[in-house]
Each structure stands twice: as structure tokens, then as C-alpha cells.
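Note sheet for the following structure.
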Amino acid sequence: MLDIKLLRERADFVKERLASRGAGDERRVDEVLALDESRREKLGEAEKLKAQRNAASKEIGALMAQKKAAEAETRKAEVRAIGDRIAALDREVSEIETRRETLLLQFPNLPHETVALGRTAEDNPVIRTWGQPARFEFTPRSHIELCEKLRLVDFARGAKLAGSGFLLYTGWGARLERALIQFLLDLHVREHGYTEVSPPFLVGQHCMVGVGQFPKFVDQAYAVREGADDATLGKLYLVPTAEAPVANIHREELLAADQLPIRYVAYSPCFRAEAGAAGVGTRGMIRVHQFDKVELIKLVRPEDGYDELEKMVANAERVLQLLGLHYRVIGLCTGDMGFASAKTYDIELWSPGQGGWLEVSSCSNCEDFQARRMNVRFKDAEGHNRFPHILNGSGTALARLFVALLETYQQADGSVVIPEPLRPYLGTTMIPS
RNA sequence: GGAGAGGUGGCAGAGUGGUCGAUUGUACCUGACUCGAAAUCAGGCGUGCCCGUGAGGGUACCGAGGGUUCGAAUCCCUCCCUCUCCGCCA
């Protein structure tokens, strides 16, 4: 959520930054400011009346103590009238407040000044590239062919169980998935200093609002109810990413300065409805409704936010370097960034089977945008309460990592060599054809 | 799911209609004492919002929401959560 004070004081700046995203959000700034002004006006009026009432009530108390009952009754009648006006104003204020908040929650974060201006993915600058595309002396197979040949994923039966976009991993496929999760968690815990957490895979809507997933992207979520009673039972949502529960761990808390930085790593399955994406790359494992991911989350002092973002990207890159996978890091331009982010780097893996790049990680600094929504603060050295920067990054997504791994290390006979660091986890040097 | 108890400031814990934003203890900060520390003494010490250049003033907040009242931490209603016991269950 944007700071209403920033909108008041630097409306033009806010409009310019919002406009750079190209979604037209800047057009609603004046609407919010108008609501804000009328709120302050009514609030001032209401508070003046409350001050009057409080003073009068005190006097009534004193009169009663002196047993001047008649006088007290006269005053009571006067104050009752003030009370009615207060109630009316309070209703107005809270109605205006609701409208203001509703609007404010729909504004995306402001892009950081270092983010490239642009409209689409075409405008994203490539920051760096690592490694070389794998070379083959035979025609490389796609991950789909490999999965079918090696019986790693049973696409047909996965779809039979839950519909298209759900995967049934089998045999070495299931074991590879499990090995990757463990490898990633261990790496980030042991070498990168993250604390492992294992969160709930369903969260309440307040968590979804907290990370900026709601209200804008409700249609991307899977909603879950206990039982079948719509009216009385609370609604939970399957997590679209571990960011949803993990970033919210400290919601509504006031942290001590020495608790920061906080660095969490968590595995979770990720559930995405992908509404509107039907038919787009739906074959195979590139775009699915459920995939595994190991997520990195940090809460840091604002002055450390951007250093920590660079470190987070390096932590995600380390995964790919250890696995020897060709990748590139791109900087998302203003028009391509996610809703909550002020700055995002994506990491893309080379897929020999697709002959293209696959996004496996997205690392963002959301600055105080989420902290404000979830009301996480910390007390700084001067004793001031401030919002920390909250960062999230995939470290990394699994299904696409799985794809690149198979396609990169496939042999002529279809078998797949397992890169060295993964061997202890999988207990084999290769997946036989 | 049933029965009971409870949710108050960083923590502990008083407060059952007015002078209570809240006694007290503890933690923390400052000062005094000390070579220094401990102990002791004195003072300070919540958050949001609104007004004000500022000093400051106002207002709201005792799990959440509603109600009664001139006035609610305190009374009433609804909901949420925690604890204990019972039931069910991986």
C-alpha cells in the first residue's frame, strides 16, 4: 500500500511513477486525494464535538456527585443532541475511509528509480548471462518426451486426477523432485544463512491482502472452504507461493531493531488458477496449476533493502551455477513488474528442448509496500517505528528447473546424467533410459 | 464438536459505570552515587489519526465488531483466539 501522506505531499511524483507502469493507475490519484480531504474535514468536525462532549460529561459527573440532579438532567439532554451529530459524522467518516482504503489497496507499488522504463517484456534489459547453452550431437528431446520415455511424469494420469495442469510425478521423477527440494533448502540454510520455516499451505485472506495478491488477483487463487456452509465458515486460500504465509509471519508485530535482518527460506507447493491462460503453453510442465518452489523472504532495514536484493539474486543464481545450468538475469522494466514490487530481477534458464528461456526465479524488493499492508514495523536505533523492506525471491521454482535439468543433461539414448551436487540427494549418477 | 476459564501497555499483573490511557512490578532509557559495575535513589518510557512551521493541543485505542448510557476497560449481544477437561481423529 502506498503512503497516503506521500500522495498528499508529492502527488505529481506518485502519478509519474504510476504512469511509468503503463496501467493507468495514476488517473485515480486525484479521486483518492478528494476522499482524503473530505475525510479530514469531517473528522475534524467530529473530534471537536467529541471534545465538547467529553468536557460536558465530566461536568455532569461532578454535578451528580454534588447531588444536583436537576441540573445534571438538563445537561444530559444537551449532550445527547451532540451525541447524535457525532454518530452521524462518524458514520460518514468511516464510509469515506472505507472507500479511500479500497482505492488505495488497488494501487501498485511505485517502481524504484533504477528500474528501466518500458512497457512489455521486450523492454527488459539483460543484466548478465552465465554459462553456455548445452550442445548436442543428436537432436535433443523436449522434457515432455524425456518424461514420457523415462516415466518421470505421468501427464495423462495427473490430468485424470485433477484436470489438466496437475502433474503426477512417478519413480525417478518423484525422487528427483524431492531431491531438488532438499538440495535447495540445504543450500540456502547452510551456505546463505537463511532460517528454514515450513508454513501452512492455506492462508486467510488477510495474508493475501498483505502481500498484495488481493484484492486485485483474487481470480488467480484457489479458495477453500471447510465443509459446505458458505454463510458460517471462513474461507481459506491455497498459497500461490510461500511468500503469502512467510512474508506475513510478523504481521501486526513491532520488531526490535536487532531482530533485523530476518531471512527465511521455505518450501511450499504453489497453487495458481492461471485464469485466462488456458491454451497458452499448457502442454508439459512449463505452466501448471500446482508446482513446488523454495522461496526466500527477507525483512530488512530500508537502508539495506537494495543490497539485500542483490544478495538474494546471487543466492538464487548459486543454485543454477552449482547445477551447471545456462541462465541469464534480466531486470524487469516498469511495465512488466509485479504489483507489489519496486524492483525485480528475473532469472531465466535455457531450455534446449524449447529453444528458449524459462523463468525460474523472480527476486523483488517490495520496499515498505507489503509491510504497510500487514503492519509490520521495527523500532530503529532512535526509537522511531518504521516499516522494514520486505523482499521475496524464488530460490528457485521447481518444475521449470526440472525441465531444464532433464533437457540439458540428456544423453543420446535418453538417459539423464545427474549433476554432481545433486547425486548425494538422489542417490544416483544418472537416470537410466 | 461439548463443558469450563480467560484475552489489559515489551513482559507480568491490578482495575466491574465518571477524576482511568489506565495502579503496581519488571524490562528499557537518562541522571546521581562509583575507578567501573552491581545495588540504591530521582526522572522518563505505548500507538494510530487530526490540527499546528513549532512548542503543543485534540481524538481514538484495554482481542474484534455492534449495542445501552450524558459518559464504557468496566454492563449487554455477536464473532475470533488461547488455556484446561471430555469426545473424535492422522
Side-chain angles (χ1 to χ4, degrees), chain A residues 1-9 32-101 103-105 198 200-207 209-210 225-237 245 248-260 262 368 371-388:
Chain A
M1 188 158 66
L2 300 179
D3 186 357
I4 184 69
K5 286 181 199 144
L6 186 67
L7 268 78
R8 266 181 224 150
E9 288 157 22
V32 175
L33 288 175
L35 285 170
D36 183 55
E37 200 167 320
S38 103
R39 168 186 173 268
R40 278 146 71 199
E41 196 183 308
K42 307 264 185 216
L43 188 65
E45 234 179 294
E47 291 193 345
K48 224 175 272 172
L49 291 174
K50 283 179 187 174
Q52 279 178 32
R53 181 177 65 183
N54 287 344
S57 289
K58 228 174 240 184
E59 286 167 29
I60 292 169
L63 288 173
M64 310 257 294
Q66 295 162 35
K67 307 219 187 289
K68 297 181 181 166
E71 234 173 292
E73 287 307 318
T74 319
R75 296 303 313 268
K76 276 192 198 181
E78 291 167 26
V79 179
R80 200 172 297 137
I82 298 181
D84 292 343
R85 285 166 62 202
I86 291 174
L89 282 166
D90 276 350
R91 268 194 300 276
E92 282 185 72
V93 169
S94 96
E95 190 256 340
I96 292 169
E97 241 162 36
T98 306
R99 280 161 59 200
R100 189 187 69 163
E101 292 309 292
L103 268 178
L104 214 46
L105 280 172
S198 179
F201 297 155
L202 288 96
V203 293
Q205 78 163 15
H206 55 289
C207 288
V209 171
R225 276 176 211 283
E226 196 186 339
D229 186 339
D230 283 13
T232 54
L233 294 169
K235 196 188 264 184
L236 291 171
Y237 298 87
N248 277 288
I249 287 175
H250 298 287
R251 72 175 1 259
E252 306 288 345
E253 287 183 26
L254 178 59
L255 303 166
D258 62 10
Q259 282 179 271
L260 301 181
I262 291 171
D368 61 10
R372 210 175 276 288
R373 286 173 164 244
M374 40 180 98
N375 196 26
V376 188
R377 292 165 306 164
F378 72 100
K379 199 174 273 295
D380 71 13
E382 284 77 47
H384 296 121
N385 295 340
R386 297 166 66 199
F387 293 108

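Naming: A, B, ... by sequence-line order, numbering from 1 per chain. Computed from a prediction, not measured in an experiment: that's the story for all the values here.
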Regarding [X], tell me which of base, sugar-phosphate or nothing describes its non-hydrogen contacts under 4.0 Å with the strands shown.
X	answer
A/Ala51	sugar-phosphate
A/Arg91	nothing
A/Arg40	sugar-phosphate
A/Lys379	sugar-phosphate
A/Ile60	base

Rounding to an integer number of angstrom, what distance separates [N] and [M] when you compare their [atom1] atoms?
N	M	atom1	answer
B/U24	B/C89	C1'	46 Å
B/A22	B/A60	P	13 Å
B/C20	B/U16	P	13 Å
B/C41	B/G46	P	22 Å

Upstream residue (5' side of RNA chain B) when A/Arg377 and A/Lys48 are each assigned their closest nucleotide =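 It is A/Arg377, whose closest nucleotide lies nearer the 5' terminus.
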Which pair of non-hydrogen atoms, one from A/Pro245 and one from A/Val203, has the smallest distance, and what is that distance?
->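 Smallest interatomic distance, heavy atoms only, reads CB-CG1, 3.8 Å.
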Do the side-chain N or O atoms of A/Arg80 get closer than 4.0 angstrom to the phosphate oxygens (OP1, OP2) of B/G71?
-> no
Kindly say if A/Asn54 contacts the phosphate of B/A60, meaning a side-chain N or O under 4.0 Å from OP1 or OP2.
->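 For B/A60, OP1 or OP2 has a side-chain N or O of A/Asn54 closer than 4.0 Å.
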In sequence, state the C-alpha distance, the side-chain angles, and the governing distance for A/Ile249 and A/Ile262, and then conclude on side chain to side chain contact (heavy atoms under 4.5 Å, CB included).
-> CA-CA 11 Å; A/Ile249 287 175; A/Ile262 291 171; over 6 Å; no
Please pick, from [options], the nucleotide with the shortest atom-to-atom distance to any side-chain atom of [X].
X	options	result
A/Glu47	B/C70, B/U59, B/U47	B/U59
A/Val79	B/G58, B/U47, B/C70	B/C70
A/Lys50	B/C70, B/U59, B/C50	B/U59

Reading RNA chain B 5' to 3', how would its secondary structure be written in dot-bracket notation, given Watson-Crick and G-U pairs with both distances under 3.5 Å, brackets [ ] for crossing pairs and | for partners on other strands?
-> ((((((((.[[[..)..(.....]]].(((((.......))))).((((((....)))))).[[[[[..)....]]]]])))))))....
For A/Arg39, which of A/Glu92, A/Glu95, A/Glu97 qualifies under side chain to side chain donor-acceptor pair (under 3.5 Å)?
->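 Single side chain to side chain donor-acceptor pair (under 3.5 Å) partner of A/Arg39 among A/Glu92, A/Glu95, A/Glu97: A/Glu97.
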Just list the side-chain donor-acceptor pairs under 3.5 Å for residues 71-79 of chain A, sequence neighbours left out, or say none.
from    : atom 1 : to      : atom 2 : distance (Å)
A/Glu73 : OE2    : A/Lys76 : NZ     : 3.4
A/Thr74 : OG1    : A/Ala70 : O      : 3.0
A/Arg75 : NE     : A/Glu78 : OE1    : 3.2
A/Arg75 : NH1    : A/Glu59 : OE1    : 2.4

